[in-house]
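Positions are given from 1 along the sequence.
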Amino acid sequence: MPLSEELMEELQSEINSRIDPGKEVTDNELLEIITDTVLSSSKNNYLSLKEKQAVINNIFNNMRRLGIIQPLVDDDTITEIMINGPDNIFIERNGKITKTDLAFDSVDKLEDVIQSVVSRVNRSVNEANPIVDARLQDGSRVNVVLKPVALNGPIMTIRKFGKQPLNMRELVANGTLTDEAANFLGKLVRAKYNIFICGGTGSGKTTFLNCLSSYIPGDERIVTIEDSAELKLPGLNNIVMLETRNANTQGKGEITIRDLIRTSLRMRPERIIVGEVRGPEALDMLQAMNTGHDGSLSTGHANSCLDMLSRLETMVLMAATLPLNAVRQQIASSIEILVHIGRMRDGSRKILEITELDGCKGGTYRLNPLFLINENGSLVRTGNPLKNTLKMKRYGWGDDESEL
């Protein structure tokens, strides 16, 4: 039988008394203190060794980790954890959302976990600043919304990423795209085409961006720019990873994606990878793509490739008052390939479309679909050849039309 809450608090109090407040205690040292305290206590002699180990894990999770949700974070089969207040915790597993029987003891306990998460990435969240994005040590994405914005809060959503990022071979194996499409995209990346990935929430844009980045030659200098650092690019050596910063309690010190894109241009990058554009930074990203940083990559939310172009127009106009035709020309001269990824009803993710943006004429984008998903759910080649073949030929491909 588990220990009562009162006995757990007594044990935790005894553990705290054995910790030197003037010394920083590592996780291993804390775990050793907890283990020694629990095993030597006479108050839990009726517990089995397995139950005592569970008590040790529980106390350690409460003191240093994420409390009752730590087992959910450790479970590799869970892809999303949704906490709607202290006693409504949901998970996504295999594309299906279910409610767990877990609950925090109080709102205060949940808020303690939230503060622990955001403080580790030097961010803060409170009533004055009730919305924040953060990440866990394993790179999982965290979004927090507190009262008074969240009426049934505190709300915390954790988008988990695998300990080992997926590679393109695995995406082909699980049906996200075909081997032919993967090889074609690999050539586009190596030939330094500017590629933009679009899709809905949870469609797998970041995962796919990671996989595409694996085709970048290892000797190139790359700068990544994100709201909250999530990209994992192990094959690249000369890499700079930049992350935005929120304003402090005085409203100062904010560093935006726009700031980071501008400063990245002084870092001599060969490619710039912007994790996601959702505002006026779209203009800076497009200008970077169009001024000597070929092969740059980014993502955005949209329901189709054409919708993404319309959204980019809106985002650019948030940054500057420009004629719409000039905006469209800027987009068309910057982005060369659009990839649309979607989440299917069964929870799987699939590439729905790979389209070439072949300029803009008369205020209308010229889209050249290269791969489209058919009625059977398979991504197939349309038969349309790639029109902008200059970069391919510079890289040594294209003499044989089958290579395109």
When you compare the side chain of [Y] with that of [X], does any pair of heavy atoms fall below 4.5 Å?
X      : Y      : result
Ile337 : Thr355 : no
Phe371 : Ile351 : no
Glu220 : Arg271 : yes
Val339 : Glu353 : no
Met82  : Met156 : no
Val277 : Phe196 : yes
Asp75  : Ile78  : yes
Glu281 : Leu260 : no

Could you check Glu356 against Asn388 for side chain to side chain donor-acceptor pair (under 3.5 Å), going step by step and ending with a plain yes or no? CA-CA 8 Å; Glu356 178 186 14; Asn388 177 16; 5.0 Å; no
For the pair [X] (side chain) and [Y] (backbone), establish whether a donor and an acceptor sit closer than 3.5 Å, ignoring hydrogens and angles.
X      : Y      : result
Ser264 : Val223 : no
Lys147 : Asn152 : no
Arg328 : Tyr365 : no
Asp259 : Thr256 : yes
Glu170 : Met168 : no
Asn368 : Asp358 : no
Ser334 : Gln330 : yes
Thr100 : Ile89  : yes
Ser348 : Met344 : no
Ser116 : Asp112 : no

How many angstroms lie between [atom1] in [X] and [atom2] in [Y], if you round to the nearest 0.5 Å?
X      : Y      : atom1 : atom2 : value
Ser228 : Glu243 : OG    : CD    : 5.0 Å
Leu242 : Ile273 : CG    : CD1   : 11.5 Å
Met289 : Ile331 : CE    : CD1   : 11.0 Å
Ile158 : Arg135 : CD1   : CZ    : 14.0 Å
Asn174 : Leu166 : CG    : CG    : 7.0 Å
Thr224 : Leu209 : OG1   : CG    : 9.5 Å

Name the one of Ile114, Ile155, Asn129 that satisfies side-chain contact (heavy atoms from CB on, under 4.5 Å) with Leu146?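 Of the listed options, the one satisfying the test is Ile114.
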For Ile195, run the side-chain contact (heavy atoms from CB on, under 4.5 Å) check against Ile335, Thr299, Ile354, Leu297 and tell me which one passes.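 Per the side-chain contact (heavy atoms from CB on, under 4.5 Å) rule, the option paired with Ile195 is Leu297, out of Ile335, Thr299, Ile354, Leu297.
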Between the side chains of Arg262 and Asp284, is the shortest nitrogen-to-carboxylate-oxygen separation below 4.0 Å, so that they form an ion pair?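 Salt bridge present between Asp284 and Arg262.
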Give the C-alpha distance, both sets of side-chain angles, the deciding distance and a yes or no for salt bridge (charged side-chain N to carboxylate O under 4.0 Å, His left out) between Arg221 and Glu270. CA-CA 5 Å; Arg221 180 167 171 81; Glu270 292 180 78; over 6 Å; no
Give the C-alpha distance, both sets of side-chain angles, the deciding distance and a yes or no for side chain to side chain donor-acceptor pair (under 3.5 Å) between Asn143 and Thr157. CA-CA 5 Å; Asn143 174 263; Thr157 309; 4.9 Å; no
Is the number of heavy atoms from other residues, nucleotides or ligands under 6.0 Å of Asn94 CG greater than 12?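 12 or below, so no.
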Crowding at NZ, Lys99 (>12 non-hydrogen neighbours, <6.0 Å):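 Enclosed.
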Taking it one step at a time, do Thr206 and Arg141 satisfy side chain to side chain donor-acceptor pair (under 3.5 Å)? CA-CA 11 Å; Thr206 302; Arg141 179 191 308 166; 3.3 Å; yes
Decide side chain to side chain contact (heavy atoms under 4.5 Å, CB included) for Phe208 and Leu185; before the verdict, give the C-alpha distance in whole Å, the side-chain angles of both, and the deciding distance to 0.1 Å. CA-CA 11 Å; Phe208 194 71; Leu185 286 170; 3.6 Å; yes
Among side-chain atoms of Ser213 and Asn210, is any donor-acceptor pair under 3.5 angstrom?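 Result is no, nothing qualifies.
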Distance-only polar pair, side chains of Thr77 and Arg93, donor-acceptor under 3.5 Å: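 Note: Thr77 and Arg93 side chains meet the donor-acceptor criterion.
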Give the minimum heavy-atom separation between [X] and [Y], together with the two atoms involved.
X      : Y      : result
Ala134 : Val117 : CB-CG1, 4.4 Å
Thr244 : Arg123 : O-NH2, 2.6 Å
Ile216 : Leu236 : O-CD2, 3.7 Å
Arg349 : Ser203 : CG-O, 2.7 Å
Pro86  : Ser106 : CB-O, 3.9 Å
Glu111 : Pro154 : CG-CG, 3.6 Å

Could you walk me through whether Ser378 and Asn376 pass the side chain to side chain donor-acceptor pair (under 3.5 Å) test, one step at a time? CA-CA 6 Å; Ser378 299; Asn376 297 320; 5.9 Å; no
If you apply the rule side chain to side chain contact (heavy atoms under 4.5 Å, CB included), what do you find for Ile341 with Leu352, and how did you get there? CA-CA 5 Å; Ile341 186 168; Leu352 306 178; over 6 Å; no
Is the Lys NZ or Arg CZ of Lys391 less than 6.0 Å from the centre of Tyr193's six-membered ring, within 45° of the axis?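 Cation-pi check for Lys391 and Tyr193: passes.
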Side chain to side chain contact (heavy atoms under 4.5 Å, CB included), that's the test. Do Val73 and Ile81 meet it? Break it down for me. CA-CA 8 Å; Val73 174; Ile81 303 168; 3.8 Å; yes
Steps toward salt bridge (charged side-chain N to carboxylate O under 4.0 Å, His left out) verdict (Glu180, Arg381): CA-CA 9 Å; Glu180 180 187 11; Arg381 190 76 183 251; 3.8 Å; yes
Derivation of the side chain to side chain contact (heavy atoms under 4.5 Å, CB included) call for Ile83 and Ile69: CA-CA 9 Å; Ile83 303 168; Ile69 65 167; 3.7 Å; yes
